[in-house]
Amino acid sequence: MDEPALLRIAQAAARQGRGHTYTNPVVGAVIVRDGQVVATGYHHRFGGPHAEIDALQQLPDPTLAQGATMVVTLEPCSHYGKTPPCAVKLIAVGIRRVVIGQLDPNPVVAGRGQRMLAAAGIDVTVMNDTGELNQAYNFFYQQRRPLVTVKMAQTLDGKMNQAGNQRTFITGPAAYQDSQRLRAQQHAILIGERTLLVDNPQLTVREQSVDHPPVRVALVEDADRLPPDLHLFDGQAPTWLLTRHATRQKWPASVRVLVDQEWTPATVVQRLAQEGLQALLVEGGSVVQSRFLAADLVDRLVVYTAPTIFGPGLPVFSEYQGPSVHWNLSQVEHLGPDWRVELRRK
Ligand code: AOF
Ligand code: ZN
């Protein structure tokens, strides 16, 4: 089997870790002798052994590592983190050649792993093929901020609400399932105060299990004036209230109140970056989404459209006051009676 094909096997193995590695990348590795895969491994969960170590553990006989090739989706690490450096281990067990899918943008590694291997006389090739595995992880270390996705549901006539202050269901169960999958990939989900009060959303991931639920983030004027029985205070997931006023209240352990003079899309994103959160989903409403768009801080739009005409109602982006922007269409998909469009910024 050739090396691009072996890399695809390692990438498929990496995908098994999806949803469990939290802020760590998903990583897969295969050990190859005479063109044949003799062991496959992946990073199973945050804090657990790295893919390279998992692959070594899958070898039927540990001496098979000697003189073998390892094909791994991400550059082997060079640092002592939650586990010792993989590069040191690969050298110690006698791996002769390492094929790397992509270099690690995390500054704790960033080329050092590759250099350690090469300095030990190991033959190293970098394929520059991410396999679309760690979009948010790569983005975070390249741009120093979370990847921002705006999600919305609209009718055929571009409405997000039938009338002012009520929660309206627009799309069907398949779109709902999909939006749950989208939530499961996030480290934070943001809403504005109007959505918080009108919808009283749970902002949790249902329908599938996640080891680290996304932080629920709400922009609010004054945390002390919120009704105490909101779903956000149910302890189901960490919750951050971003506000301009100091709080005098005692909050449950799951709630943090973060005070700043003025929360803007830029300061929100900066704060999440400081906390190491790599993926932010902006769920609503129109004011918050429009502000993120106007600040040019939206990397991806996910739009669910229902074939329904509402007539009077609140148009999506009615609050948008920025310049006209053009998006790249990246995916169109049927979801039961509805459809989903994914767009990327140009
Ligand atoms: C992983 N799994 O298979 C590889 C990783 O906190 P640690 O010690 O688990 O280290 C996390 C970093 O290790 C991660 O950001 C990446 O730079 C590197 N490689 N991490 O979780 C793996 N190969
Ligand atoms: Zn490692």
Side-chain angles (χ1 to χ4, degrees), residues 6-32 37 39-59 65 68-95 97-120 122 124-147 185 187 210-212 272-279:
L6 292 163
L7 180 60
R8 281 193 293 278
I9 295 177
Q11 288 168 341
R15 281 194 281 275
Q16 294 185 68
R18 274 195 174 154
H20 303 290
T21 63
Y22 190 41
T23 52
N24 278 358
V26 294
V27 185
V30 292
I31 300 170
V32 181
V37 174
T40 306
Y42 69 99
H43 185 51
H44 291 237
R45 74 192 66 80
F46 182 75
H50 290 181
E52 301 89 321
I53 308 306
D54 186 50
L56 288 170
Q57 285 167 353
Q58 304 306 318
L59 280 174
T69 294
M70 177 173 279
V71 180
V72 55
T73 59
L74 183 73
E75 177 183 8
C77 67
S78 51
H79 69 296
Y80 286 85
K82 294 184 273 296
T83 61
C86 294
V88 169
K89 183 73 181 174
L90 299 187
I91 295 164
V93 299
I95 292 283
R97 172 162 167 75
V98 176
V99 178
I100 295 170
Q102 68 155 108
L103 290 179
D104 188 348
N106 185 345
V108 303
V109 183
R112 264 181 227 104
Q114 180 197 14
R115 287 197 291 277
M116 271 171 91
L117 295 170
I122 295 179
V124 183
T125 300
V126 181
M127 307 280 267
N128 289 318
D129 177 350
T130 64
E132 300 260 311
L133 285 175
N134 293 297
Q135 266 181 53
Y137 175 87
N138 287 328
F139 184 94
F140 179 80
Y141 285 111
Q142 282 151 7
Q143 309 291 326
R144 305 275 150 185
R145 67 166 177 83
L147 180 79
Q185 297 161 11
H187 295 156
V210 281
D211 302 345
H212 296 84
L272 297 182
Q274 272 170 17
E275 303 276 345
L277 303 181
Q278 299 164 358

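Both counts, for ligands and for their atoms, begin at 1 and track the order of listing.
- The protein atom (non-hydrogen) at minimum distance from atom 9 (O) of ligand 1 is His50 NE2, 2.9 Å.
- Residue Val109 has at least one heavy-atom neighbour below 4.0 Å for each of these atoms of ligand 1: 17 (O).
- Residue contact check: Tyr137 has heavy atoms under 4.0 Å from atoms 14 (C), 15 (O), 16 (C), 17 (O) of ligand 1.
- Annotation: atom 17 (O) of ligand 1 to nearest protein heavy atom, Asp104 OD2, 2.3 Å.
- Each of the atoms 3 (O), 22 (C) of ligand 1 lies under 4.0 Å from some heavy atom of Ala51.
- Counting heavy atoms from C-beta on, the side chains of Cys77 and His50 come closer than 4.5 Å.
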Which is it for Gln102 and Asn134 under the side-chain hydrogen bond (donor to acceptor under 3.5 Å, both in side chains) test, yes or no, and what are the steps along the way?
-> CA-CA 10 Å; Gln102 68 155 108; Asn134 293 297; 4.8 Å; no

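- Looking from atom 6 (O) of ligand 1 to the surrounding protein, the closest heavy atom is Lys82 NZ, 2.5 Å.
- For the pair Val109/His79, a side-chain contact is recorded, criterion being any heavy-atom separation below 4.5 Å from C-beta on.
- In terms of protein heavy atoms, atom 11 (C) of ligand 1 is closest to Asn24 OD1, 3.6 Å.
- For ligand 1, the atoms closer than 4.0 angstrom to any heavy atom of Glu52 are 3 (O), 23 (N).
- At the Zn ion (ligand 2), the angle from SG in Cys86 to ND1 in His50 is 120° when rounded to 10°.
- Counting protein heavy atoms only, atom 15 (O) of ligand 1 is closest to Asn106 ND2, 2.9 Å.
- Taking the six-membered ring where tryptophan is involved, the planes of His44 and Tyr42 are essentially parallel, since the angle between them stays under 30° and well short of 60°.
- Taking 4.0 Å as the cut-off, Pro25 counts as a neighbour of ligand 1 on heavy-atom distance.
- Between Leu6 and Val99 there is no side-chain heavy-atom pair separated by less than 4.5 Å.
- Remark: of the listed residues Val88, Leu117, Ile95, Ile122, Leu117 is the sole one forming a side-chain contact (heavy atoms from CB on, under 4.5 Å) with Pro76.
- Note: His212 and Tyr22 have parallel aromatic rings, judged against thresholds of 30 and 60 degrees for the angle between ring planes.
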Stepwise, does the side chain to side chain contact (heavy atoms under 4.5 Å, CB included) test hold for Asn106 with Phe140?
-> CA-CA 9 Å; Asn106 185 345; Phe140 179 80; over 6 Å; no

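- Residues Asn138 and Pro25 are not in side-chain contact: their nearest non-hydrogen atoms beyond the backbone lie 4.5 Å or more apart.
- The closest approach between His79 and ligand 1 falls below 4.0 Å for a heavy atom of the residue.
- Close N/O approach between Glu75 and ligand 1 is not found [any backbone or side-chain N/O within under 3.5 Å].
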